[in-house]
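Letters go in sequence order (proteins before strands), and every chain restarts at 1.
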Amino acid sequence: MKDIPRFAVVGHPNKGKSSIVSALAQDDSVQISDIPGTTKKIRVFPLKVDNRVIYELIDTPGFQRARSVLSYINKEGLSAHEKFERINKFINENRNNPKFNDEIELLEPIMQGAGIIYVVDGSKPYGLEYEPQMEILRYTGRASMALINMIGDEDYSILWKNALNQYFKIVKTYNPLKAKFSDNIELLEAVSYLNEKWTKEVKDSILILKANHEGKIETTALVIAQNIVNSITLTQKIHLKGKEATKKEKELLKQQYKNKLISLELKTQKDIEKLWHHNILQIEQDELNILDNSLFSKQSQSIFGLSKNLLFLTGLTSGGLAGAGVDMAVGGSSLMAGSIIGAAIGGTGAVFGYDKLADIKILGQKIGKKELKIGPVKNINFPYILLNRSLLYAKIIINRSHALREKEFLKSNENISEQFIDSKTRKKLEKLHIKFRKSSEVKHQDIEDYKLIILDILKMI
Amino acid sequence: MSHNSRLKNYIDYICLLKYQELDKEKNRLDGIKLKHLKAFPLKQLKAWSTLHSPSTNQSNSANIIKGINTVTVILIFIIFLAGLSVGYGLISYSGQEPINIFHFLFVGVLFPLFTLFLNIIAMVKNKSVHSEFLLKISPAYWLDKLLETFPSFRINFIFEPLILNWLILNRIQLLTISFLSGILISLIAIVISKDLAFGWSSTLSISPKELYDFFQIVSLPWDWLCHCGSPSLELIQKSQFFRLGGKLSKEYISHAQLLGNWWQFLAFAIIFWGIFSRVVLLFITKYFLNRAIDKSYLQNEKSKALLHNLNTQIVKTQADTKENVLSKNNNFINTKDIDSSDISTVIGWNIDKNRLDIVLDYQNIKPKFTFLAGGNNTLEEDNKILHSIKEEPTIIIKSWEPPTDEFLDFIEELSRKTKKIDILPIGTSHNSYIPAEKDIKIWHNKLKKFQNIWMLP
């Protein structure tokens with residue numbers, strides 16, 4: 001079996017190992033807690049492409065009894081090349097010893113060949129208690145790097161670097177709570193140089209992750225485009241009981257319409273969250289506000305689903321066809337009079353008998369239906385409102401680190417669209433908005449064009 | 001592949017998309033099997049449909065095709081009968097007046113040519129799915145509208161309008177062929193069983209020569225095959241008749257044998273201009289129907305999503321296993337105020353000497369004994385410290401570094417020697433050595449099992 005790159009994230013308890021893993025693996029299911037010792041068992045985060053593992057990140061418990069382990073290793077005054085085996089011996093002897101559970105968990109993957117990513121808190125002063133840990137890791141002989149995690153506001157990174165450079169091949173600063181995708185890629189670039197036999201796999205994985213990221217942005221643009229199109233073309237109708245719509249029916253329809261718009265937006269947001277693997281995110285935002293004066297309702301009637309005009313056309317055509325049959329039967333000697341008379345009877349009958357026809361029942365169902373229809377929203381700014389909200393939301397989601405656990409607050413009054421939509425883009429958008437409102441069926445190509453505009457904006461964000 | 005089987009496969013495919021939720025992982029597994037077709041999306045979709053065809057029980061494609069074919073056959077039969085009767089009507093010969101070939105040509109050739117022309121216009125307009133003109137006059141559109149009113153009658157599959165229109169255009173050719181075949185068979189049957197006299201008569205001033213020239217052009221397609229299929233000048237000259245007088249002229253009757261010869265021209269006219277042209281159109285509409293079916297595969301919204309799933313790698317970075325949710329506990333150990341004068345033994349845990357001196361100075365603590373434990377001490381060094389402790393110690397700890405098990409071991413050992421242990425947490429110099437509240441809480445939680453520990457504020 002091919003040796004895949006594996007990296008164990010190790011260090012003192014509560015120094016952000018799990019946050020780093022959560023950010024790199026884009027997994028917000030990782031337990032991140034102020035309580036040290038949250039991680040008791042290793043957890044593996046593989047990068048899989050079509051179920052094929054490319055590399056593995058391993059979250060480990062923190063060192064709890066590093067000096068005891070170091071004491072064991074140094075007991076017999078062994079030389080450097082013997083210390084490696086001594087660690088293996090320690091693991092074998094203490095595998096079932098609960099006292100060293102955490103040490104066994106973190107050392108085993110390293111002894112099986114995993115590279116080391118050692119995490120420290122650069123916002124706190126350097127401490128002597130870290131040296132036993134770093135000694136143990138040095139004795140494993142594995143490729144290693146140190147990450148200075150800036151958890152707090154203070155900065156002691158220079159002191160840390162002075163110490164860490166003595167033990168680790170690469171020392172980098174990284175903040176998992178603020179890290180964006182580009183920061184994670186930069187970190188992986190550094191990791192790729194830990195061991196030259198893994199460089200190609202890790203670099204290939206970077207390309208895969210980048211392509212995946214691009215793909216997700218494109219899908220986000222499509223989801224937003226689809227939602228806006230659905231919202232600005234949305235109509236709702238209710239069947240009327242009486243001949244005219246009552247005030248209650250009108251209000252009911254308006255509320256139904258607003259609720260539907262809100263639910264469309266919420267669904268879009270959930271889809272985007274799911275796409276970016278934010279499963280526990282909480283966002284506080286203002287609800288979509290649709291002014292009553294943007295909504296217009298219209299009463300209509302139909303027979304067989306046909307409006308008056310369509311029924312006239314149908315009557316005309318079918319009457320004409322029936323008359324043509326008569327013309328053919330008499331060998332044409334009627335000189336198409338049958339078709340003309342048939343068309344006239346069919347057409348006028350449909351127009352004048354429309355209302356009476358509506359009340360006729362066939363198989364228990366009235367062939368005519370009265371309904372009240374509402375929408376689409378006439379306000380020309382409505383699509384821009386939706387677009388702004390969607391872009392704000394997408395910006396938060398795309399850039400949010402999976403290590404964050406705090407609630408997000410969406411400021412709906414922030415006009416992100418203005419920053420990124422120039423007059424040329426606005427003209428293109430307006431053209432499309434008009435097309436969407438006018439068409440009975442939106443063309444795929446138009447949605448595609450709309451998606452591309454949104455994609456360009458998202459890339460800038 | 002016949003368009004019936006192509007249509008069946010299409011129906012199966014659409015039903016698969018309709019009844020199955022697209023599963024990214026399952027689709028990707030299929031995509032890996034079909035990766036050689038990545039550059040041919042249509043073939044890939046069809047191959048995917050074939051892969052899943054055993055599970056198309058919910059597809060009533062066979063029933064739909066059967067229904068379409070049944071309706072077509074019934075209509076062909078009815079229209080054939082209509083053709084037979086129209087043909088019989090057209091060449092009903094009473095013996096009083098000859099059969100005017102113009103009547104026959106009008107119904108049997110010209111009218112079908114006119115409808116052929118309309119069909120061609122419909123085909124030209126039918127180039128896109130969203131051709132609203134054709135849709136609104138298409139019988140498929142009205143049928144759909146009608147069925148919307150009676151949902152219980154809706155079949156469980158709705159064709160794309162483009163496909164339906166091409167299908168109808170295709171079937172219209174069959175029906176027309178059937179109608180014209182009826183007329184042709186009527187003609188031949190009556191020619192065989194009765195004596196017929198054909199003639200031509202018109203108000204227009206058409207000379208026999210002009211008519212002859214015209215019919216030469218009309219019969220050009222079959223003249224090389226059968227010269228008897230094109231009327232001679234003599235036949236045209238001798239078969240003109242006039243209705244004035246009410247009786248046929250004796251001269252006309254003398255050519256009775258000759259007058260029947262028109263039947264070959266009429267038969268060939270129907271065969272070529274009627275039936276053959278419709279056969280050509282039948283193949284053309286079949287071709288476009290197949291194209292429409294193929295186009296519909298790709299234009300379907302779900303098809304795009306399916307192609308995306310088939311051809312996009314699934315990249316996963318999340319853990320396969322779930323983590324157990326931790327419960328939070330808030331435990332507090334005893335606290336008391338600092339009494340600097342009361343502190344005689346101080347142990348700095350994980351603290352270097354310089355920092356310890358600064359803290360002691362800051363807190364105005366002047367202990368008799370000072371020890372440095374933890375840090376990079378060996379365990380033996382810490383054990384020596386434990387043995388040296390005579391009085392109740394105050395352990396100064398870095399509040400931001402949570403206690404490890406090593407510290408708890410140390411406290412446990414120390415507890416055997418002293419009744420009480422005080423813990424003095426300190427913060428960083430940046431915060432004037434004041435510890436953060438959240439850090440203190442962690443220490444309280446970790447030390448909860450010890451009854452003899454007191455936390456100094």
Side-chain angles (χ1 to χ4, degrees), chain A residues 12-14 24-27 29-31 33-38 43-51 57 62-68 71 99 102 121 124-125 127-129 131-132 154 208-209 211-212 215 277 303-306 310 313-314 317 328 331-332 362-363 365 367 369 441 443-444, chain B residues 25 28-29 32 86 89-90 103 106-107 111 130 132 136-137 142 145-146 148-150 152 299 301 304 312-326 328 350-352 355 374-380 382 398 400-406 409 428-430 438 441-442 445-446:
Chain A
H12 212 66
N14 228 29
L24 282 176
Q26 296 173 55
D27 189 340
S29 75
V30 178
Q31 289 276 323
S33 165
D34 287 344
I35 303 167
T38 305
R43 210 162 154 231
V44 180
F45 295 79
L47 167 63
K48 281 186 186 175
V49 178
D50 294 334
N51 266 338
L57 272 180
F63 279 100
Q64 292 288 337
R65 291 186 170 93
R67 290 187 304 154
S68 303
S71 166
K99 200 172 153 185
D102 293 0
D121 180 2
K124 295 290 185 280
L128 295 169
E129 65 271 29
E131 288 178 14
E154 298 160 51
I208 290 167
L209 289 169
N212 184 244
H277 305 290
I303 292 171
F304 293 132
L306 301 171
L310 287 176
L313 201 60
T314 315
T317 319
M328 277 185 67
I362 296 176
L363 299 174
Q365 286 212 43
I367 62 171
K369 288 189 169 96
E441 203 179 311
K443 289 182 185 168
H444 297 307
Chain B
E25 294 197 12
R28 181 58 190 156
L29 281 173
I32 291 168
V86 165
L90 282 171
H103 282 173
F106 181 79
V107 175
F111 188 69
H130 304 289
E132 292 199 19
K136 288 259 162 67
I137 64 167
W142 303 112
K145 282 279 180 195
L146 191 70
E148 262 176 30
T149 319
F150 302 102
S152 52
Q299 285 186 338
E301 257 315 298
K304 289 180 187 162
T312 305
Q313 288 175 327
I314 293 182
V315 176
K316 212 180 150 198
T317 51
Q318 294 77 35
D320 293 326
T321 54
K322 276 192 180 166
E323 202 171 9
N324 291 326
V325 177
L326 281 182
K328 269 190 177 175
N350 287 346
I351 296 177
D352 58 76
R355 190 189 297 274
N376 60 358
N377 279 10
T378 62
L379 291 175
E380 287 72 30
D382 277 2
K398 294 189 291 192
W400 65 88
E401 295 289 358
T404 58
D405 289 349
E406 236 164 34
D409 293 341
T428 60
S429 55
H430 190 83
K438 65 176 177 67
K441 274 188 185 162
I442 291 168
N445 261 315
K446 283 287 185 177

Under-4.0 Å salt bridge between B:Arg28 and A:Asp50: yes

Of all of B:Glu380, B:Lys304, B:Glu25, which one pairs up most often with chain A through heavy atoms under 4.5 Å apart? B:Lys304

Would you find a donor on one side and an acceptor on the other, under 3.5 Å apart, between the side chain of A:Lys124 and the backbone of B:Glu401? no

Under 4.5 Å from any heavy atom of chain B, what part of A:Gln26 do you find: side chain, backbone, both or neither? both

Looking at chain B, which one of A:Glu129, A:Glu131, A:Arg67 has the largest number of heavy-atom pairs inside 4.5 Å, strictly under? A:Arg67

So, the part of A:Leu57 with a heavy atom under 4.5 Å from chain B: the answer is neither

Under 4.5 Å from any heavy atom of chain B, what part of A:Val44 do you find: side chain, backbone, both or neither? backbone

Most heavy-atom pairs under 4.5 angstrom with chain A, which of B:Glu301, B:Lys316, B:Lys398, B:Glu406? B:Glu406

Report which part of A:Pro46 has an atom under 4.5 Å of a heavy atom belonging to chain B: side chain, backbone, both, or neither. both

Is A:Ser68 in contact with chain B via its backbone, its side chain, both, or neither, using a 4.5 Å heavy-atom distance? both

Check B:Pro402 against A:Asn14 and note the closest heavy-atom contact, atom names and distance. CG-CB, 3.8 Å

Sort out for me which of A:Leu209, A:Leu24, A:Leu47 touches chain B most, counting heavy-atom pairs under 4.5 Å. A:Leu47

Non-hydrogen side-chain atoms of B:Trp400 and B:Thr428 separated by less than 4.5 Å: yes

Can you tell if the side chain of A:Pro125 reaches within under 4.5 Å of the side chain of B:Arg355, non-hydrogen atoms only? yes

Can you list the steps and then say if B:Thr317 with A:Asn212 is a side chain to side chain contact (heavy atoms under 4.5 Å, CB included)? CA-CA 11 Å; B:Thr317 51; A:Asn212 184 244; over 6 Å; no

Given heavy-atom pairs under 4.5 angstrom as the criterion, report whether the side chain, backbone, both or neither of B:Asp382 touches chain A. side chain

Please check this pair: side chain of A:Gln64 against backbone of B:Asp405, looking for a donor-acceptor N/O pair closer than 3.5 Å. yes

